[in-house]
Amino acid sequence: MSKKSATAEGHLAAGQGLMEKMVSLCKRRGFIFQSSEIYGGINSIYDYGPLGVELKNNVKKAWWQAMVQLKDNIIGLDSGILMHPKIWEASGHLAGFTDPLVDCKQCKKRFRADHLLKAKGLKPDFRPQDFKQHGLKCLECGGELTDVRDFNLMFKTFMGAVEDRASEIYLRPETAQGIYVNFNNVMTASRQRIPFGIAQIGKAFRNEITPGNFTFRMREFEQMEMQFFIEPEAEKQWFEFWQQERYGWYLNLGVNKNKLKFREHDKKELAHYCRAAVDIEYDFPFADRELEGVHNRGDFDLSRHQEYSGHDLQVAAESGQKFLPHVIETSGGVDRATLMFLLDAYTEVETRSGDEESKHETEVILKLDKRLAPIKVAVLPLSKKLDKEAREVFDLVRQSHMSQYDVAGAIGRRYRRQDEIGTPYCVTYDFDSVEDGKVTVRDRDSMKQDRVAIAELKDYLREKCNV
Ligand code: GAP
């Protein structure tokens with residue numbers, strides 16, 4: 001084995017170790033659970049536990065703040081998951097949102113054709129004749145494969161009492177279409193002029209053939225998408241602007257710069273609606289993978305909706321001339337970003353709390369940005385005897401910060417429990433507190449301790465947590 005591949009394998013093995021530790025931490029501490037676990041689970045659907053829902057909400061809040069609250073010309077929307085079925089004809093998803101699939105006639109395992117080709121070292125841009133030509137067989141059992149067929153990734157259901165073709169509808173595979181079909185309503189109601197954007201966070205559904213890597217690729221997931229409507233001539237400038245803006249958002253939330261990069265799509269891999277696409281990728285433990293896409297969708301979607309709906313979706317330029325706006329889209333996954341923030345924050349250190357019982361142990365600290373941390377403050381009485389007084393401090397702090405109260409176990413162990421879930425501040429109420437009306441505030445990262453008057457605690461924490 002070459003030195004290079006040995007290093008690469010080492011990196012992969014370390015990465016797999018990190019994924020296993022993360023899955024275990026998520027379950028143990030209540031971030032993420034396998035959905036329907038007591039029934040044996042359901043593949044690639046996950047539920048967010050008490051800490052997971054806080055973290056995910058904070059990710060969405062940070063996105064909304066950056067994309068809507070702090071922008072002059074972006075407004076929000078929350079459209080339905082179920083929409084008129086014609087939308088998916090117009091958007092091209094009915095015809096084009098497919099994966100080429102083959103089944104093994106023997107063991108019935110299903111493969112994506114492009115993945116099979118890739119596994120055999122062949123070019124993944126699929127042509128049916130490649131299968132015959134190269135005599136490709138099932139990767140599992142060597143069995144014969146069926147012909148390739150296109151498999152649509154949209155989930156289908158029926159609306160109303162009758163289950164026939166006329167009542168077929170789809171769960172949306174992207175939130176973007178809800179924005180396009182509301183384009184006129186939003187523009188008029190909010191008195192916007194080009195350039196402006198519409199932002200939306202919501203669930204999307206895809207019947208993925210090869211889901212996996214925990215919450216990286218799921219069948220039910222959430223997207224944070226923004227469609228920015230512009231004049232056609234301004235495409236290049238805004239495409240570049242939004243790449244930098246979105247990259248900066250991750251950096252601002254503390255993500256390791258060395259793990260983030262841009263990847264431009266080559267023409268062959270572009271989605272059917274795209275003229276150009278650049279991914280922001282993260283160095284996940286399993287590989288460099290897409291976190292978010294910035295897409296130049298041109299006027300593809302608006303022109304199709306104009307054609308299929310019969311509604312004029314043009315706007316007037318300064319000159320009075322009418323034109324169809326072009327669109328630069330930023331499209332990120334909430335679940336994927338949440339997983340990335342967890343992995344990026346995961347830190348192991350040798351025991352640092354100094355108490356006897358934790359000697360020679362490895363401690364885990366989630367160094368999440370304070371804005372993302374699910375719990376901002378933990379209030380810990382030094383002794384059970386101080387329960388009543390410490391609870392009063394807890395009741396004060398919880399009014400402005402998501403907080404936890406923990407009285408069980410040695411103080412060192414309680415600190416470690418909070419470090420492991422990324423709580424930036426631990427407030428300890430001790431016997432001196434009764435006398436001097438002060439508490440000790442410990443910082444998760446610096447381990448620095450400040451003695452703070454209880455009367456000033458709320459302001460102190462507000463300033464520290466930046467929320
Ligand atoms: N509107 C454009 C669009 O949907 P996409 O590249 O298919 O583009 C955008 O998806 C983002 O949505 C991805 O970068 C990823 O973060 C997230 N995403 C897509 N499919 C996903 C899945 N199966 N599970 C989790 N997240 C997914």
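Both ligands and their constituent atoms are indexed starting at 1 by order of listing. Quick note: numbers below take in every heavy atom, side chains included, and nothing from hydrogens, waters or symmetry partners.
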Neighbour count above 12 (heavy atom, 6.0 Å) for R28 CZ: yes
Proximity to ligand 1 by part of R219, non-hydrogen separation under 4.0 Å: neither
Sole residue of F31, F214, F221 in side-chain contact (heavy atoms from CB on, under 4.5 Å) with Y46: F214
For E225, atoms of ligand 1 separated by under 4.0 Å from a heavy atom: 1 (N), 2 (C), 3 (C), 4 (O)
Passing option when M218 is tested against I45, D335, N213 for side-chain contact (heavy atoms from CB on, under 4.5 Å): D335
Atom 13 (C) of ligand 1 - nearest protein heavy atom and its distance: E290 OE2, 3.3 Å
Residue, atom name and distance, where the atom is the protein heavy atom closest to atom 25 (C) of ligand 1: F216 O, 3.2 Å
Test applied, side-chain contact (heavy atoms from CB on, under 4.5 Å); reference residue, Q404; option that passes from I421, V377, V397: I421
Output side-chain donor-acceptor pairs under 3.5 Å for residues 175-186, partner residues at least two apart or in another chain, one line each.
from, atom 1, to, atom 2, distance (Å)
T175, OG1, E225, OE1, 2.6
Q177, OE1, H305, NE2, 2.6
Q177, NE2, E174, OE2, 2.8
Q177, NE2, D301, OD2, 3.1
Y180, OH, Q227, OE1, 2.4
Y180, OH, R297, NE, 3.2
N182, ND2, G178, O, 2.8
N184, ND2, D312, O, 3.4

Best match, R336, E329, M340: closest heavy atom to atom 2 (C) of ligand 1: E329
With H93 via ring pair (Phe, Tyr, Trp, His ring centres under 6.0 Å) - residues at least two apart: W88, F97, H272
Pick from A277, G212, G333, A337: the one approaching atom 17 (C) of ligand 1 most closely through a non-hydrogen atom: G333
Closest to atom 5 (P) of ligand 1 (judged by heavy-atom distance), picking from R206, E222, Q227: R206
For R297, atoms of ligand 1 separated by under 4.0 Å from a heavy atom: 1 (N), 2 (C)
Closest protein heavy atom (residue, atom, distance) for atom 18 (N) of ligand 1: F221 CE1, 3.5 Å
Atoms of ligand 1, numbered as shown, that sit under 4.0 Å from any heavy atom of M218: 22 (C), 23 (N), 24 (N), 25 (C)
Atoms in ligand 1 flagged as close to S331, the criterion being non-hydrogen separation under 4.0 Å: 1 (N), 2 (C), 3 (C), 4 (O), 8 (O), 9 (C), 10 (O), 11 (C), 14 (O)
E174: numbered ligand 1 atoms lying under 4.0 Å from its heavy atoms: 1 (N), 2 (C), 3 (C), 4 (O)
E348, CD atom: more than 12 neighbouring heavy atoms under 6.0 Å: yes
Residue part near ligand 1, for L291, under 4.0 Å between non-hydrogen atoms: backbone
Over 12 non-hydrogen atoms of neighbours within 6.0 angstrom of NZ in K203: yes
Flag for Y282-D344: side-chain donor and acceptor within less than 3.5 Å: yes
Those atoms of ligand 1 less than 4.0 Å from some heavy atom in Y273: 2 (C), 3 (C), 8 (O)
Student check: side-chain heavy atoms of Y273 and H295 closer than 4.5 Å: yes
Those atoms of ligand 1 less than 4.0 Å from some heavy atom in E208: 20 (N), 22 (C), 23 (N)
Nearest protein heavy atom with distance in Å, relative to atom 12 (O) of ligand 1: Q223 NE2, 3.3 Å
